[in-house]
Amino acid sequence: MADTQYILPNDIGVSSLDCREAFRLLSPTERLYAYHLSRAAWYGGLAVLLQTSPEAPYIYALLSRLFRAQDPDQLRQHALAEGLTEEEYQEKLERVILGSEAAQQHPEEVRGLWQTCGELMFSLEPRLRHLGLGKEGITTYFSGNCTMEDAKLAQDFLDSQNLSAYNTRLFKEVDGEGKPYYEVRLASVLGSEPSLDSEVTSKLKSYEFRGSPFQVTRGDYAPILQKVVEQLEKAKAYAANSHQGQMLAQYIESFTQGSIEAHKRGSRFWIQDKGPIVESYIGFIESYRDPFGSRGEFEGFVAVVNKAMSAKFERLVASAEQLLKELPWPPTFEKDKFLTPDFTSLDVLTFAGSGIPAGINIPNYDDLRQTEGFKNVSLGNVLAVAYATQREKLTFLEEDDKDLYILWKGPSFDVQVGLHELLGHGSGKLFVQDEKGAFNFDQETVINPETGEQIQSWYRSGETWDSKFSTIASSYEECRAESVGLYLCLHPQVLEIFGFEGADAEDVIYVNWLNMVRAGLLALEFYTPEAFNWRQAHMQARFVILRVLLEAGEGLVTITPTTGSDGRPDARVRLDRSKIRSVGKPALERFLRRLQVLKSTGDVAGGRALYEGYATVTDAPPECFLTLRDTVLLRKESRKLIVQPNTRLEGSDVQLLEYEASAAGLIRSFSERFPEDGPELEEILTQLATADARFWKGPSEAPSGQA
């Protein structure tokens with residue numbers, strides 16, 4: 001049972017992103033701007049392979065080479081002609097690869113790639129199945145011998161030097177006497193070359209910190225970031241205004257020098273660029289997949305505004321200051337001034353990274369969000385395909401809930417995404433003492449509503465939400481934002497903004513809450529009992545909310561084990577809609593207040609006790625969650641693959657290239673993404689991976705001081 005969650009069926013669902021109409025409405029200049037930004041995003045997205053696992057770059061290079069020589073249809077026909085059956089073609093990858101045209105053209109290289117990654121690609125060895133540090137999993141944000149203690153030490157070192165972890169990786173080596181020393185490597189085009197940028201170069205040196213040597217270097221992903229920078233330079237020529245031009249200049253500086261401060265400056269210009277037709281963001285952004293929770297995965301998106309839905313979000317923004325007063329914490333725990341953000345619905349043209357979210361609130365730099373603002377985006381064409389539901393595939397719901405769920409899931413999710421991003425991530429104050437000792441709150445008058453006493457803890461200079469709360473920061477924050485969405489969707493004004501009144505409004509509320517409860521059960525797929533940890537921040541957050549609502553009692557939520565029509569274990573989730581306001585709202589209010597107070601005051605011990613308490617998965621009755629997890633795995637539907645379009649420059653015109661919703665369409669989209677420099681990129685990725693391969697010999701084999 002434990003292994004089934006790591007095995008995907010051959011008939012996994014595939015959907016295509018539709019942005020044809022949005023692209024059609026762009027001017028020639030806007031299309032050129034979008035084209036070069038998309039190229040930058042796709043090049044940068046290749047860095048994710050180097051941030052995931054040791055074998056990921058080799059897998060990409062192998063598949064890229066395979067499909068450059070033969071497209072999927074040709075490869076299939078070739079394999080069938082060689083005597084494989086249709087089933088064998090789906091399942092016997094080694095025979096397909098070694099019998100391919102690519103292997104005939106370059107036998108040693110293809111065989112070498114296969115030998116490097118083939119076994120690892122299919123390994124279900126417990127440590128290799130999921131992300132984690134040391135013996136708990138695999139990650140290439142850290143060398144294989146790094147432990148959670150090493151990660152904590154490195155974070156304290158970075159804080160002491162006022163260095164961000166977002167664009168770093170940590171490599172630990174051990175000298176002949178068994179003493180560890182650490183390399184903190186910044187992502188940048190430049191390596192050890194002299195530079196005019198003192199904010200980074202002054203920190204590129206050796207340090208002694210708590211008895212351990214640290215060396216700060218740069219140049220990680222250099223040839224990949226060089227290509228990103230080249231495309232951003234070209235995009236500058238088509239910027240719509242000075243904000244966009246200055247934003248791109250700072251991003252170029254950031255990726256060239258390895259400077260997060262430059263990326264922050266670029267983000268400031270991005271915040272000031274209100275309501276652009278072509279929206280984008282790029283860099284080392286989300287920290288979900290760092291086992292410690294501080295390092296950012298490379299991400300880049302390019303999208304086009306959807307004016308109809310954006311108008312609804314604009315009305316939500318206009319009501320934001322009033323709605324913030326409805327949240328269950330004192331005004332002193334809210335930002336001194338609400339910085340009115342952009343909030344737009346976008347149709348994605350390009351999203352390069354490990355996944356595509358439904359909505360985004362960025363930048364993630366808390367100092368900018370607290371003092372200068374942020375932007376919210378809802379990705380409309382992603383919502384349209386990622387959350388479409390077929391009745392026969394709906395699990396764990398009562399039959400009489402299914403039709404209502406299908407009818408209102410989309411509209412309710414629009415409401416939840418809007419509230420989650422704008423008033424969830426956009427709310428709440430952090431209490432900070434700056435480097436001069438000044439506080440951003442009145443120590444004498446601000447009272448902790450949980451204790452009735454003055455504030456006892458806060459953030460010191462150099463400390464951030466991510467660095468302080470580390471491993472729980474991402475999930476805790478997602479839980480807070482999801483809870484805000486559930487809480488405020490009960491407000492009539494919110495529902496009116498989205499066009500819902502009367503019985504329809506009540507159905508939207510019910511389905512939103514029901515969807516969250518069901519999602520909390522489905523989340524068990526992402527819990528690993530062997531390691532006692534969660535592998536996905538949002539899913540952990542939804543499980544925590546489920547626990548809070550179950551704890552509320554009075555029959556608000558029940559989960560009942562059953563037997564399905566196929567004779568196998570099943571379960572049913574019930575939500576008593578008559579008790580959402582009377583039982584659910586007060587429970588969520590208490591929980592949400594505690595989340596915010598602990599976050600505002602930087603109370604890590606209290607925050608961990610609260611959050612990890614609710615996130616604990618046991619088999620204790622009445623729910624018996626570990627047993628339910630087996631049922632969830634038995635009934636799970638594999639996550640869809642999403643095929644994205646490409647843009648192609650023909651003379652001075654930019655064309656949109658679309659692909660069918662199939663595995664072959666997905667493969668073609670990648671093959672045509674890098675038509676001229678595919679071989680060069682394969683070489684870059686394998687060279688970068690090989691250069692650091694010694695760092696992942698295994699947790700018990702510490703890399704020595706010599707390569």
Side-chain angles (χ1 to χ4, degrees), residues 29-30 32-48 50-51 163-164 166-168 185-204 217-273 276 278-285 296-303 349-353 362-365 368 372 375 647 649 674 677 680-681 684 688:
T29 300
E30 290 165 346
L32 285 162
Y33 183 65
Y35 168 78
H36 289 295
L37 289 176
S38 293
R39 302 304 305 147
W42 285 122
Y43 281 127
L46 296 174
V48 175
L50 295 156
Q51 295 179 300
L163 272 169
S164 170
Y166 272 120
N167 65 340
T168 70
R185 191 188 301 170
L186 310 181
S188 67
V189 176
L190 292 178
S192 57
E193 302 92 332
S195 166
L196 298 176
D197 179 34
S198 60
E199 81 186 20
V200 172
T201 52
S202 64
K203 295 181 178 181
L204 300 174
T217 66
R218 66 179 175 186
D220 217 0
Y221 325 120
I224 291 173
L225 292 178
Q226 177 62 49
K227 289 183 174 292
V228 174
V229 164
E230 288 168 0
Q231 293 299 321
L232 294 179
E233 287 281 9
K234 292 177 180 178
K236 275 172 62 180
Y238 306 104
N241 53 53
S242 62
H243 290 315
Q244 289 181 1
Q246 292 175 91
M247 169 190 81
L248 293 176
Q250 291 298 329
Y251 290 165
I252 290 166
E253 174 85 356
S254 173
F255 299 142
T256 301
Q257 304 285 357
S259 168
I260 289 296
E261 288 304 314
H263 196 269
K264 282 186 178 182
R265 291 193 292 271
S267 297
R268 288 188 177 96
F269 289 118
W270 179 72
I271 292 166
Q272 295 165 28
D273 183 28
V278 177
E279 182 63 282
S280 71
Y281 197 64
I282 190 169
F284 296 89
I285 313 298
E297 183 173 81
F298 195 95
E299 180 180 287
F301 77 84
V302 184
L349 175 64
T350 293
F351 207 111
I362 35 183
N364 284 339
Y365 306 118
L368 295 193
E372 300 192 38
K375 284 188 185 181
T647 49
L649 190 59
F674 309 109
D677 50 7
E680 180 191 356
L681 294 173
I684 286 172
L688 290 174

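Since this is a predicted model, take the numbers as computed values, not measurements.
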For the aromatic rings, using the six-membered ring if either is Trp, is the centroid distance between Tyr166 and Tyr365 under 6.0 Å?
yes
Go through the steps to decide whether Phe298 and Tyr221 satisfy the test ring-ring contact (aromatic ring centres under 6.0 Å, His included), and finish with yes or no.
CA-CA 11 Å; Phe298 195 95; Tyr221 325 120; 8.3 Å; no
Are side-chain heavy atoms of Leu349 and Ser38 found at a separation under 4.5 Å?
yes
Do Arg265 and Gln250 have side-chain N/O donor and acceptor atoms under 3.5 Å apart?
yes
Measuring from atom CG of Asn241 to atom CD of Gln272, what distance do you get when rounded to the nearest 0.5 angstrom?
10.0 Å
May I ask you to test the Thr217-Leu186 pair for a side-chain heavy-atom distance under 4.5 Å?
no
Work out which heavy atom in Ser259 is nearest to a heavy atom in Asn167; give both atom names and the distance.
N-ND2, 4.3 Å
Would you mind checking if Glu279 and Lys375 are paired as a salt bridge, meaning a charged N to carboxylate O distance below 4.0 Å?
yes
Starting at CG of Leu232, measure out to CZ of Arg39 and round the result to the nearest 0.5 Å.
12.5 Å
Please report the closest heavy-atom contact between Gly219 and Ser188, naming both atoms and the distance.
N-OG, 2.9 Å
CA sep, side-chain torsions, deciding dist, call: Val228, Ile282, side chain to side chain contact (heavy atoms under 4.5 Å, CB included)
CA-CA 10 Å; Val228 174; Ile282 190 169; 4.1 Å; yes
Does the side chain of Asp273 reach to within under 4.5 Å of the side chain of Met247, using non-hydrogen atoms?
no
So do the side chains of Val189 and Gln257 get within less than 4.5 Å of each other, counting heavy atoms only?
no
In terms of heavy-atom contacts, Ile285 and Gly283 come closest through CG1-O, 3.2 Å
So, taking the atom named CD1 in Ile362 and the one named CD in Glu299, what distance separates them when rounded to the nearest 0.5 Å?
7.0 Å
Do Thr647 and Val302 make a side-chain contact, defined as non-hydrogen atoms from C-beta onward lying under 4.5 Å apart?
no
State the CG-CG distance between Leu37 and Leu32, to the nearest 0.5 angstrom.
11.0 Å
Inspect the contact between Lys264 and Glu199 and indicate whether a charged nitrogen and a carboxylate oxygen are less than 4.0 angstrom apart.
no
Nearest atoms (heavy-atom pairs only) where Ala187 meets Leu225:
C-CD1, 3.8 Å
Can you find a heavy atom in the side chain of Leu50 that is under 4.5 Å from one in the side chain of Asp220?
no
Go through the steps for Arg268 and Gln246 under the test side chain to side chain donor-acceptor pair (under 3.5 Å), then give the verdict.
CA-CA 10 Å; Arg268 288 188 177 96; Gln246 292 175 91; over 6 Å; no
For Leu368 and Pro363, the nearest pair of non-hydrogen atoms, with its separation, is CD1-CG, 4.1 Å
Between the OH atom in Tyr43 and the CG atom in Asp677, the distance rounded to the nearest 0.5 Å is 3.5 Å
Any chance the rings of Trp270 and Tyr281 have centres within less than 6.0 Å?
yes
So, taking the atom named NZ in Lys203 and the one named OG1 in Thr201, what distance separates them when rounded to the nearest 0.5 Å?
10.5 Å
Can you check whether Trp42 reaches Phe351 side chain to side chain, under 4.5 Å on heavy atoms?
no
Could you pull out all residues at least two apart from Thr29 that satisfy side chain to side chain contact (heavy atoms under 4.5 Å, CB included)?
Ser27, Tyr238
Gly44 to Ile224 - nearest heavy-atom pair and separation
CA-CG2, 4.1 Å
Phe255 vs His263 aromatic rings, parallel, tilted or perpendicular, using cut-offs 30° and 60°?
tilted
